[in-house]
Structures are given as C-alpha cells and as structure tokens.
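No hydrogens, no waters, no symmetry mates; every other heavy atom, side chains included, goes into these values. Lettering of chains follows the sequences in order, A, B, ..., and the numbering in each one begins at 1. Being a predicted model, the structure only gives us computed values, none of them experimental.
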Amino acid sequence: MSKGLPKRSEDYSLWYNELVKRADLAENSPVRGCMVIKPYGYSIWEKMQAELDRMFKETGHTNAYFPLFIPKSYLSKEASHVEGFAKECAVVTHYRLKNSDDGRGVIVDPEAKLEEELIVRPTSETVIWSTYKNWIQSYRDLPLLVNQWANVVRWEMRTRLFLRTAEFLWQEGHTAHASKEEAIEETVQMMNVYATFAENFMALPVVRGIKSANERFAGAEDTYCIEALMQDGKALQAGTSHFLGQNFAKAFDVKFATKEGGLEYVWGTSWGASTRLMGALIMAHSDDNGLVLPPKLAPIQVVIVPIYKGDEELERISVKAKEIMASLRAKGISVQFDNRDTHKPGWKFAEYELKGVPLRIAMGPRDLENNTVEIARRDTLTKESVNLSEISIDKYVSDLLEEIQRNIFQKAFEFRENMTTEADTWQEFEDLLENKGGFVSAHWDGTTETEERIKELTKATIRCIPIDRKEESGSCILTGKPSTGRVLFARAY
RNA sequence: CGGGGUGUAGCGUAGCCCGGUAUCGCGCCACAUUUGGGAUGUGGAGGUCGUAGGUUCGAAUCCUGCCACCCCGACCA
C-alpha cells in the first residue's frame, strides 16, 4: 500500500480511479470493460440493494428473474428501442467450441451456429413483455408489478469503474397497468423511491425531473430521472423511471379485457438503478484522504483500534473494547475491533480513513487509566476524547452516526446549491459551464435542434426539466425564442 | 471506432534515442528493536521487460501486427 492519494484539485479522474482501487472497491478485470467488484465494494452495493429491495417490496413489487439472452428478433419489435441499443449489443452466435486443428487451443465450432442469434440483454423490456403477453388477459391480472436484480451488458467504448462498464449490475422494474394515469403514477412513484433512497441513504441530494426527448429512454414516452451533482461540477444520472405508454404492449401484443368488456393494450413502466450509484456515492462525498461513506451504507460503521505495548496491555484493552463492541452491536451498529498485531495504529488510522469508515474509536493505556476513548469522525476528520463514565457509549455513537449522515448530506446539499446557477445570456451560460461547472439553470425553447446545438457548442446537455420548476416566461438561452420555464444544463458523466 | 500517450517484480518507476539479459522506492518474507497518525535496522525472495512475429552473433532497447490501460473526440445507466 503506497501512501497518498492524488489530489482532487489536480486530477479529479485520476483521484477517482485510484480511490476506487485503493479503497478496495473494484478493479479492472482481464475482460475489457468489465470490472471485478471486490468484497468491500460489494458490501456497499449489498447495502444499497437491501434498502432498495425493501422499498420496492413496500410499494407492492415482487422479484422475478428473466433470462440473460434475448432472441435477436425480439429486440427489433419496438422500433426506437432497437435503434437505441443496437450499437452496443453483445451477440451470441455459436453454442459450442472444439479443439483447434493445430491442437493448441479451442476454436468456435463453425458447425454449431445458432439458428437465431441471441443478444446478451442490454435491458429486459423485450423478453419481459413477450412473457407478459401470456400473463395478462384481464384487468384482473393488473397491475403487474415485477422487479428483477440482474446483470446487463452494453458494449461501451470507453469504460470507467462503476460509472460506465460493459457489464453492470442493476435492478430493473417492469410494470403493466390498466390505465395511462396509473402507469404514470407508478413512474413518478418509483422516481420518488429513488430520490428518497439517494437522499436518505446515500446522503446524496438529487433533482427530480423529466428528460428531454433527446435524453429519453429508447422506447419510452417519458423518462423521469434523479440527477445528482459530483464534486467536480459534473452531473450524474442516478436513477431513471420510464413511462412506456403502450409502446411495448403494442410491439408484443399485450392486451387485456377491460371491466366493460373491451380489449385494450396495457400501459407500461420500467425503472432502473445500477452499480453506477457506487460511482455517485464515491464522487459525491469523498476527499483527498479517501472514501467518505454515509453511515447507513458503510459496511463497517465503527472501528476500534487498540494502542498498546505488549500482550498484557492488549489483553486489558481488549476486555474494554469487547464490552464497547457488544453494547454497540446490541444497538445494531456494525463494529470491527482491529486487534491485528501486524500493523501499527497510525497505519490503521490511515487505512480506515481511506476506506471511509465513519467512526474510529482508539483506546490506549491512557484511556484505560482515565476511562476514556478517543473518537474520530471521518467526515470532519476531527477527534475528541470522551469519558465513558459520563456518557452511554451506544447512545453517543448512534447519535454521532446520525449526525454524520446528516452532515454529509448537508455538505453535498450546500455544494449543489452553490453550484446551481441561473444564466440569462449566452455569454453567461458559456462562462458558467466553462469556469464554474455545476447545474446551469436556463431557458430553452423546447426543441431538439436547439438542445443538440447547445451540446455541440458547450458539451452540456439538458439534465432534466425539474419537476418542481416554477412557471416563468423567458427566452431561450441560444435562440431567444419564448420559453415557459428553466431547465437544468450540465456537463455530465 | 478516430487522434495522442503508456505498458519493465504485487504497485509505482529508471534504463529505450546510442542493442550486450535490468535500476530504485513501496509492498512481501525472516529476525531484532518498536506501537497515541502510514516505525527502524539487518538479511532475503520475487522479472521469459504487455503479447506474437521480424531484423541481429545478440533485443527491454530497432521494425511490424495484436492486446490492454490513460487522455481527447462520437455513444451511454
């Protein structure tokens, strides 16, 4: 383990890449564009999964699993859907290998060509809707509220750990409804679930909004999203929820008998959040010393580091440490007592800071004597000595963890507020994007042409049309044409 | 996929222009002294120099193909 992380101010993306590796979150794999998620990183993902899964169940969804492979013909049944994904699909063409003639390895057996090629799912709408056709006959079968946890593959050119990998893990919810209103309600509900999760668990403030036509999911009528801002001023889409209209129902002929005896196409939604959330989590809070994790997602919330000379002293400290550990655990706090003799305390301090453990409790002979412990916060990097006879440690720690959770959110929130700026002239707009970054709130004439032109000129895209934006007449930042409200622009991941 | 760069021990590197089998630091192993912010000393292990060819008496070094990674463009959760 070498010392020192690159500085964010000097090279943000180098800092990110190094942090992901050094903090043991993930590493590159032998397969291009794919990553190995290491145990520590995966623990964080598991915590995210657990909470999201709970929220999905709470809103009436159940989990199921659909196949990894999609027949090629399925993908092309919904026109804009294929168009959106065709360029990044992995295709299975054969089902067998054989020994090569020179005996030096195996080759694809040309005899074993698949009659219909299979696509490795880039998303599952098509298989799922082809299945829903059989599941749905009547209004009594609706709504159908299904989620799946899965991996998907999108053959990306440029990849980055967690932010954009060829294979990634995610969940995709797919629901079917009897009415348009209900489907839209579902879409909005799931966007809100994501927003609540991001804010309450990831301590990540997000903007809820609707995507412009340009940024919309391939095959959707409307895409709702949550957008977050990273410390380098770039935006990151943290979750999306799509109102699919009747597009997939029509493509896969999914109709239901209405109460009134009619036959109608069902209304669909789909929504997803991926391991990209890990990237958002890392980039939103961490600093030059390493990861900063919100307590609610930290695999280890508290680490106890003993400081001692000799076995006898370690023994005495251990007794006390184990007492504390037991009382914290009783309160549902995850604690680790690091009594390894192979590393010195200073080394451990640096290590746990790198890994973002929210609280560190250090105990040495002096503490033993005074009945104190030293408590260090990861978020503020401050330390204090507390007297165990004056406080109850479990309450003290759990309050502090809550305080850290709040503080991390607050810091990110203030950052975003400071980094969201209104622009009313083109010059201001360009200047903000170039020199300040963050969200730029500006008027837009609503056309795709203008959006694309702005993207060409500034590399900024419309992140979303905020749900809660106020009606305000103005004129488009580029064309000067009339507009009824501001949208958020930013350069994005 | 286009333009640029890099690839040498687990990690980071020197050597490459000017061919002669590889430098240094971290890490690793052993022992000793250490332990309140990444300890110190001594000894030791570890490399077909990304890969496949070519040139040469001889290639980390020169040439060609391929692969991977990084930066910049086009695409995306």
Examine A:Lys38 relative to A:Tyr40 and say whether NZ or CZ is less than 6.0 Å from the centre of the six-membered ring and inside a 45° cone about the ring axis.
no
Looking at [X] and [Y], would you say the former's side chain and the latter's main chain have a donor-acceptor pair under 3.5 Å?
X	Y	value
A:Arg360	A:Arg378	no
A:Arg216	A:Glu221	yes
A:Thr165	A:Phe162	no

Rounded to the Å, how far apart are [X] [atom1] and [N] [atom2]?
X	N	atom1	atom2	value
A:Lys309	B:G36	NZ	P	8 Å
A:Tyr352	B:G38	OH	C1'	14 Å
A:Ile307	B:A39	CD1	P	13 Å
A:Lys320	B:G36	NZ	P	22 Å
A:Glu18	B:C26	CD	C1'	14 Å
A:Arg366	B:U35	CZ	P	13 Å
A:Glu313	B:U34	CD	P	13 Å
A:Glu384	B:G36	CD	C1'	16 Å

For atom [atom1], what is the distance between [N] and [M], given to the nearest Å?
N	M	atom1	value
B:C28	B:G47	C1'	15 Å
B:A59	B:G54	C1'	11 Å
B:G44	B:G7	C1'	29 Å
B:U34	B:C49	P	44 Å
B:C70	B:C31	P	41 Å
B:G20	B:G58	P	15 Å

Residue from A:Asp379, A:Leu328, A:Ile375 passing side-chain contact (heavy atoms from CB on, under 4.5 Å) with A:Leu359:
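Only match with A:Leu359 under side-chain contact (heavy atoms from CB on, under 4.5 Å): A:Ile375.
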With under 30° as parallel and over 60° as perpendicular, where do the rings of [X] and [Y] fit, or are they tilted in between?
X	Y	value
A:Trp170	A:Phe168	perpendicular
A:Phe201	A:Phe197	parallel
A:Trp45	A:Trp149	perpendicular

Any base atoms under 4.0 Å from [X], or only sugar-phosphate, or nothing? Heavy atoms, all strands.
X	result
A:Arg340	nothing
A:Gly272	nothing
A:Gly290	nothing

Output the pairing pattern of RNA chain B as a dot-bracket string, 5' first, Watson-Crick or G-U wobble with both distances under 3.5 Å, | for cross-strand pairs, [ ] for crossing pairs.
((((((((.[[[..)....(...]]].((((((.....)))))).....[[[[[..)....]]]]])))))))....
Judged by each residue's nearest nucleotide on RNA chain B, which is more toward the 5′ side, A:Tyr308 or A:Lys344?
A:Tyr308
By nearest heavy atom, map A:Gly364 and A:Ser29 onto RNA chain B; which one lands nearer the 5' end?
A:Gly364
With ring centroids as reference points, do A:Trp271 and A:Phe243 lie under 6.0 angstrom apart?
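No, the ring of A:Trp271 stays outside the 6.0 Å limit from the ring of A:Phe243, centre to centre.
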Nucleic acid footprint by protein, nucleotides 70-77 of chain B - heavy-atom cut-off 4.0 Å, B for base, S for sugar-phosphate alone:
-SBBBBBB
Where the side chain of A:Ala350 is defined as all heavy atoms beyond and including C-beta, which of B:G38, B:U35, B:G36 is the nearest nucleotide?
B:G38
